[in-house]
Structures are given as C-alpha cells and as structure tokens.
Amino acid sequence: MTYHLDGAVIPTGFDVPVEPLRRAAHFTGEPGCIAEARAFAALFLEQLRTEWCATIDERADGAVLLVVSELVTNADRHSNGPYILELEGTDTSLTVAVYDSSATLPRVFPRDPQRVGRHGLEIVRALARDISVERVPVGKRVRAVIALDGG
C-alpha cells in the first residue's frame, strides 16, 4: 500500500513485491558487449530501487557493476560463443549469474601482486558473499551473490 501526502509518495512497506526482480540479457561477444552488460546492470539496480524500495549505497552499486564486468569479461574471453547475463535481486541482495558455452571451470590463482591479469575471480570473491560455479548442459554458470544492505 502507498499513501500520497501532498503529492509525495510514501511507501508503507506493504507494497514490496513478493517475487525477486529478474532480468536476463543475451550477448554475442561483439565489441561493446561488456559496456552493454554494465549498462544493463545499472538499469537493473535502478529498477530495484524503484520496485523494491531498495537502498543501494555507492559501495554496493560499484560492487555489482564490477562483478558484472569481471564475470562477463571472463565469459567473453574464455568461451566460444554467446553468453547470458542473468540478474535477480531484492532489497537486500543481488545475484549475478553468467552462462557461457565453455565447460572449462574458472581457476582462482594464488595472490600475486606481480601477476598482470587473471585477478577477475579473486576480485569477485572479495566483493561477493557467495560464489558458485557449475557445469550446465551447454557450458557453465558462474554465480555471485552480492549483499546490498551492507551485510
């Protein structure tokens, strides 16, 4: 339920959706796809703010965009075909899942500040509260859950 007071909309908490917000996008790997994926995620965050009354601070906003960038970049570089970005969120968390056609599971390398590149999964692990990788019939799915409520 929403009350209107002199033109201001005041959410009461009873109008929060029951089902998480879900969106998916398909990318071909053409130049510009990573930027498109980030823009897709930024729009999704705005939808969470609007539809779920989510309070998403700068830290969480940046974490989501960086995780999307890292996972989509990995799919773009290491798969032999298109990939899918799937986002699911509520007011407290957002799940980023990327499906690609490569059955090769990503590796986490030991910390090495001298290494150039290959820090993507290390970055995702630092930002996400949960990460999972699994093979699916046509490749793999890498999934990261990011807290939006500071937890």
Undergrad: How long is the span from the OG1 atom in T95 to the CZ atom in R129, to the nearest 0.5 Å?
TA: 7.5 Å

Undergrad: What distance separates I56 CD1 from D61 CG, expressed to the nearest 0.5 Å?
TA: 7.0 Å

Undergrad: Considering non-hydrogen atoms only, spot the tightest contact between I84 and A24 and give its length.
TA: CG2-CB, 4.5 Å

Undergrad: Evaluate the side-chain proximity of E70 to V72: yes if any heavy-atom separation is below 4.5 Å, no if none is.
TA: no

Undergrad: Is the side chain of K140 donor-acceptor paired with the backbone N or O of T104 at a distance under 3.5 Å, no angle test?
TA: yes

Undergrad: Between the side chains of E122 and R125, is the shortest nitrogen-to-carboxylate-oxygen separation below 4.0 Å, so that they form an ion pair?
TA: no

Undergrad: Does some side-chain heavy atom of P106 sit less than 4.5 Å from a side-chain heavy atom of V133?
TA: yes

Undergrad: Mind checking whether I123 and L66 have side chains closer than 4.5 Å, heavy atoms only?
TA: yes

Undergrad: Minimum heavy-atom separation for L65 to A41, with atom names?
TA: CD2-CB, 3.9 Å

Undergrad: Once you round to the nearest 0.5 Å, how far does CZ of R77 lie from CG of D100?
TA: 13.5 Å

Undergrad: Under 4.5 Å between any side-chain heavy atoms of D91 and C53, yes or no?
TA: no

Undergrad: Working to the nearest 0.5 Å, report the span between CH2 of W52 and CD of Q47.
TA: 13.5 Å

Undergrad: Are L87 and F40 side-chain neighbours, meaning at least one heavy-atom pair lies under 4.5 Å?
TA: yes

Undergrad: Give me the atom names and distance for the closest heavy-atom approach of R59 to A147.
TA: NH2-O, 3.3 Å

Undergrad: Check whether more than 12 heavy atoms from other residues, nucleotides or ligands sit under 6.0 Å from atom CZ of R23, and answer yes or no.
TA: yes

Undergrad: Might you point out which heavy atoms bring V67 and A144 nearest each other, and give the distance in Å?
TA: CG1-CB, 4.0 Å

Undergrad: Quick check: closest heavy atoms across E36 and F27, and the distance to 0.1 Å?
TA: CB-CE2, 3.8 Å

Undergrad: Determine the sole option in V145, V124, L85 for which the side-chain contact (heavy atoms from CB on, under 4.5 Å) test with V96 is passed.
TA: L85

Undergrad: Can you tell if the side chain of S101 reaches within under 4.5 Å of the side chain of V138, non-hydrogen atoms only?
TA: no

Undergrad: CD1/I146 to CG/D130 distance, rounded to the nearest 0.5 angstrom?
TA: 11.0 Å

Undergrad: Would you sort out whether H78 and D76 count as a side-chain contact (heavy atoms from CB on, under 4.5 Å), showing the intermediate values?
TA: CA-CA 6 Å; H78 302 292; D76 192 66; over 6 Å; no

Undergrad: Please tell me whether L105 and I131 are part of a single hydrophobic cluster in this structure, the criterion being side-chain heavy atoms less than 4.5 Å apart.
TA: yes

Undergrad: To the closest 0.5 Å, what do you measure between OH (Y99) and CD (E86)?
TA: 4.0 Å

Undergrad: Are side-chain heavy atoms of L21 and L48 found at a separation under 4.5 Å?
TA: yes

Undergrad: So do the side chains of R135 and R141 get within less than 4.5 Å of each other, counting heavy atoms only?
TA: no

Undergrad: Check step by step if side-chain contact (heavy atoms from CB on, under 4.5 Å) holds for L94 and L45.
TA: CA-CA 9 Å; L94 188 145; L45 287 165; 3.8 Å; yes

Undergrad: Might you confirm whether atom CD of E134 has over 12 heavy atoms from other residues, nucleotides or ligands at distances under 6.0 Å?
TA: yes

Undergrad: Quick check: closest heavy atoms across A37 and V68, and the distance to 0.1 Å?
TA: O-CG1, 3.8 Å

